[in-house]
Asks: 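Let me begin by handing over the structure; questions about it come next.
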Amino acid sequence: MPTASAFGRTRAGRSTWPPALASGAVLSALVAGAAALLKPGPDAWLLATLVFVFTLPVTTMGGWVVVVDRNTVRGATPRPEESIESAWLQRAGFGACFDLIALGGLATAAFSLVPALGSVPAWAALGGLTLVAMSDVWVRYLVLSRRTA
């Protein structure tokens, strides 16, 4: 069994960074190519370069998550799905779901009854709903963690 390290190893015992960086570079190149195709022009290469540079760290970490063997990461929880934090997150998400159902119903009524709200763009309404959902889960998680700790 490979020894534990801060960044872990693959199941074969090799470093995780070469495959993670390779997969991240490929995915970032695809995203950068798509950005250049969606916004053609004389500076499309600059856009593609910036998209590549700024997405490379995120896609590399995504590749690392795919190739790492959790058992080789020092300090990793053996079964995170059975941890108390996972239970808190599940309960917070469950409670927030009912809040969002109620909020969605109230928002539907408001958008149906108030004509001025018809000019609100969908991205703003849905973005606001997403922020409320994220905040709701976060607050519920904090309350649960403080209550049981």
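Along the sequence shown, residues are numbered consecutively beginning with 1. Because the structure is a prediction, the values reported are computed rather than measured.
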Asks: Drop me the distance from Leu47's CG to Asp43's CG, to the nearest 0.5 angstrom.
Replies: 9.0 Å

Asks: Find out if a path of hydrophobic residues (ILVMFWY) with successive side-chain heavy-atom gaps under 4.5 Å connects Val120 to Val114.
Replies: yes

Asks: Is there a path of hydrophobic side-chain contacts, each under 4.5 Å between heavy atoms of I, L, V, M, F, W or Y residues, that connects Val137 with Val143?
Replies: no

Asks: Pick out which of Leu100, Ile101, Asp99 makes a side-chain contact (heavy atoms from CB on, under 4.5 Å) with Cys97.
Replies: Ile101

Asks: Quick check for you: to the nearest 0.5 Å, what is the distance between Leu50 atom CG and Trp45 atom CH2?
Replies: 8.5 Å

Asks: So if you build clusters from Ile, Leu, Val, Met, Phe, Trp, Tyr with side-chain heavy-atom gaps below 4.5 Å, do Trp17 and Val68 land together?
Replies: yes

Asks: Hydrophobic cluster membership, with links at side-chain heavy-atom distances under 4.5 Å among I/L/V/M/F/W/Y: are Val31 and Phe54 in one?
Replies: no

Asks: Would you give the length of the straight line joining atom CD1 of Ile84 to atom CG of Leu89, rounded to the nearest 0.5 angstrom?
Replies: 11.5 Å

Asks: Compare every heavy atom of Ala48 with every heavy atom of Ala32, then report the nearest pair and how far apart it is.
Replies: CB-O, 3.2 Å

Asks: Between Thr55 and Val51 (side chain of the first, backbone of the second, donor and acceptor by atom type, cut-off under 3.5 Å), is there such a pair?
Replies: yes

Asks: Provide the closest heavy-atom pair for Ala36 versus Ala44 in the form atom of the first, atom of the second, distance.
Replies: CB-O, 3.9 Å

Asks: Between Trp88 and Tyr141, how do the two ring planes meet: parallel, tilted or perpendicular, split at 30° and 60°?
Replies: perpendicular

Asks: Would you give the length of the straight line joining atom CZ of Arg140 to atom CZ of Arg147, rounded to the nearest 0.5 angstrom?
Replies: 9.5 Å

Asks: Hey, is CZ on Phe111 packed in by over 12 heavy atoms from elsewhere, all under 6.0 Å?
Replies: yes

Asks: Rounded at 0.5 Å granularity, tell me how far CG in Leu144 sits from CZ in Arg91.
Replies: 5.0 Å

Asks: Tell me whether Val139 shares a hydrophobic cluster with Leu142, the cluster being built from Ile, Leu, Val, Met, Phe, Trp, Tyr side chains joined at under 4.5 Å.
Replies: yes

Asks: Do you know which two heavy atoms are closest between Trp64 and Ala20, and how far apart they sit?
Replies: N-CB, 3.4 Å

Asks: Surrounding CE of Met134 (heavy atoms of other residues, nucleotides or ligands, distance under 6.0 Å), is the total greater than 12?
Replies: no

Asks: Working to the nearest 0.5 angstrom, can you tell me the gap between Thr108 OG1 and Leu113 CG?
Replies: 10.5 Å

Asks: Indicate the atoms forming the closest heavy-atom contact of Leu56 with Thr59, along with that distance.
Replies: O-OG1, 3.2 Å

Asks: Looking at Gln90, I'd like to know if its CD atom is crowded, meaning that more than 12 non-hydrogen atoms belonging to other residues, nucleotides or ligands lie closer than 6.0 Å.
Replies: no

